[in-house]
Amino acid sequence: MSINVQFFASLREQLGKQQVTLEFTRPVTVLDIWSQASDGLKMPNNTLCAINMEYVKTDAMANDGDEVAFFPPVTGG
Amino acid sequence: MSINVQFFASLREQLGKQQVTLEFTRPVTVLDIWSQASDGLKMPNNTLCAINMEYVKTDAMANDGDEVAFFPPVTGG
Amino acid sequence: MPAILLDRVFNPWDEIQRYQTEELRSGLYGATASFVGTMRDFNIDEKVSLMTLEHYPEMTQHFLNELCDRCLKDYDINDCLIVHRFGDIHPGEPIVLTAAWSAHRAQAFDACRNLIEELKSHAPFWKKEATDKGERWVHDEQQSDEK
Amino acid sequence: MPAILLDRVFNPWDEIQRYQTEELRSGLYGATASFVGTMRDFNIDEKVSLMTLEHYPEMTQHFLNELCDRCLKDYDINDCLIVHRFGDIHPGEPIVLTAAWSAHRAQAFDACRNLIEELKSHAPFWKKEATDKGERWVHDEQQSDEK
């Protein structure tokens, strides 16, 4: 199954990528996806995660075709 | 001593006057002024009183030249 | 920090804009909270066609000036503004504007709300409405139904 | 009840006015509360010359739409509006507008404030500031110093 992974803001800069598509052969959690996408970087404590535009925790499961995003605390407004 | 008395809104309409100048020979309270100015009408419970543009209670004393006003609860904004 | 009494229709958004352009340094404030009270065309289940706002000119101006002064002392704001109509007002027309500028949004909101709450509780204005059934003074207990 | 994302300078007072003229019946609402967040030219004691607001376009739009929906359910309001910038922003320029229209001022204030608080806590936007000392991401703990 295929997962579209996105990074934003300081995480995007730290990892040097905005987007990567990953393939998995078994069901995975958001944390599994981070591990595979982050080139060994430990997930910062305050990282926020979303699946298909909805906030989720790191133990949420992703499905084929999902868009999974990682970003630092938000600072809009 | 001379006191300028003003009435506003429903009190002005009830008493049929907006302004009256009264003369007193002794110190008077706001309530005394009402009694002399109101043609026998008892002061409604919710009446507000001001001396020289500042809210006061009915037992406040007025001085020569003061402007004393009576009006119903306010409804601006 | 002016309090402005007007006997004509005003555009609250133009007033805010004009005031901050003329009186405030751009880049100084980060938060602007504003409130606009507008005349509705119904109140307590009756259709209202005209409202006349009576005031006590010197005391109303004095009260609103003091209110702005107190607000600047009590809240951490850069500035504040009050504009209030008097005289004949038609449905849909603005009655009052309160605004506060601050570095901090909580202070801007709290100051703006304090201005309108204090104004409604204590500023010497009285509303008389013209409805199908004739004229009537709006009583303070009815205010809560209104806005 | 739209949430609008813009990549250009906007005038919040014109936006409010245009929206209520086009979308709301005059005489319906008695109370309009609004909040405007503006870029300051200093933050945490440093002069800021430019801010870049990154966002996550689909999620940001989705989040703000849902926020407006929830606000209409949770508060007794006629309507609400959010406008938010992204991209490069200069000092003095508006970043965000939230507004709520209601028959009742308490509901208008509470709804307007809820919109900006929820937006600031959860909407996916990230600020990067350019200062004398270089670029820096604004951290959430710093937000409190800002506005």
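Below, each value reflects all heavy atoms present in this structure, side chains not excepted, and no hydrogens, waters or symmetry copies. Below, chain A is the first sequence line, B the second, and so on; all start at residue 1.
Of all heavy-atom pairs spanning C/Ala100 and C/Ala111, the tightest one is CB-CB, 3.8 Å. Annotation for C/Asn114 and C/Cys71: closest pair OD1-SG, 4.4 Å, computed over non-hydrogen atoms. Nearest heavy-atom pair, B/Gly76 versus C/Leu119, reported as atom, atom and distance to 0.1 Å: C-CD2, 4.2 Å. C/Leu50 and C/Met39 get closest at one heavy-atom pair: C-CE, 3.8 Å. What you find for C/Pro12 and C/Pro94 is that their closest heavy atoms are CD-CG, 3.5 Å. When all heavy atoms are compared, the tightest approach of C/Ile16 to C/Ser34 is CD1-CB, 3.6 Å.
At least one donor-acceptor pair closer than 3.5 Å links the side chain of C/Lys127 to the backbone N or O of B/Gly77. Proximity of a side-chain donor or acceptor of C/Gln61 to a complementary backbone N or O of C/Ala3 within less than 3.5 Å is detected.
Proximity to chain C among residues 61-72 of chain B is limited to B/Glu67, B/Ala69, B/Phe71, B/Pro72, judged by heavy-atom separations below 4.5 angstrom. Inspection of non-hydrogen atoms places B/Ala50, B/Met53, B/Glu54, B/Tyr55 of residues 48-57 of chain B under 4.5 Å from chain C. Within residues 8-19 of chain B, the residues having any heavy atom less than 4.5 Å from a heavy atom of chain C are, in residue-number order, B/Phe8, B/Ala9, B/Ser10, B/Arg12, B/Glu13. The contact list for residues 29-45 of chain B toward chain C, using heavy atoms and a distance under 4.5 Å, is empty.
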**OP:** Evaluate side chain to side chain contact (heavy atoms under 4.5 Å, CB included) for B/Ser2 paired with B/Thr21, printing each intermediate quantity in order.
**Re:** CA-CA 7 Å; B/Ser2 173; B/Thr21 304; 3.4 Å; yes
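The shortest distance between side-chain heavy atoms of C/Leu53 and C/Ile89 falls below 4.5 Å. Using a 4.5 Å heavy-atom cutoff, the side chains of C/Val96 and C/Ile116 are in contact. Within the 4.5 Å cutoff, the side chain of C/Phe63 has no heavy atoms near those of the C/Tyr56 side chain. Contact annotation: the side chain of B/Ile3 approaches that of B/Phe24 to within less than 4.5 Å [non-hydrogen atoms, C-beta and beyond]. Residues C/Phe10 and C/Leu97 are in side-chain contact: their nearest non-hydrogen atoms beyond the backbone lie under 4.5 Å apart. The side-chain heavy atoms of C/Cys68 and C/Ile82, taken from C-beta on, include a pair separated by under 4.5 Å.
Of the two parts of C/Glu58, the backbone and the side chain both hold a non-hydrogen atom closer than 4.5 Å to a non-hydrogen atom of chain B. For C/His55, the part sitting under 4.5 Å from any heavy atom of chain B is the backbone (N, CA, C, O) and nothing else. When heavy atoms are compared at a cutoff of 4.5 Å, C/Thr98 does not approach chain B at all.
With hydrogens and angles left out, the side-chain atoms of C/Tyr19 and C/Asp79 include a donor and acceptor closer than 3.5 Å. For the 3.5 Å distance criterion, the side chains of C/Asn78 and C/Ser102 fail to qualify, holding no donor opposite an acceptor.
With respect to the salt-bridge test (charged N to carboxylate O, under 4.0 angstrom), the residues C/Glu93 and C/Arg85 qualify.
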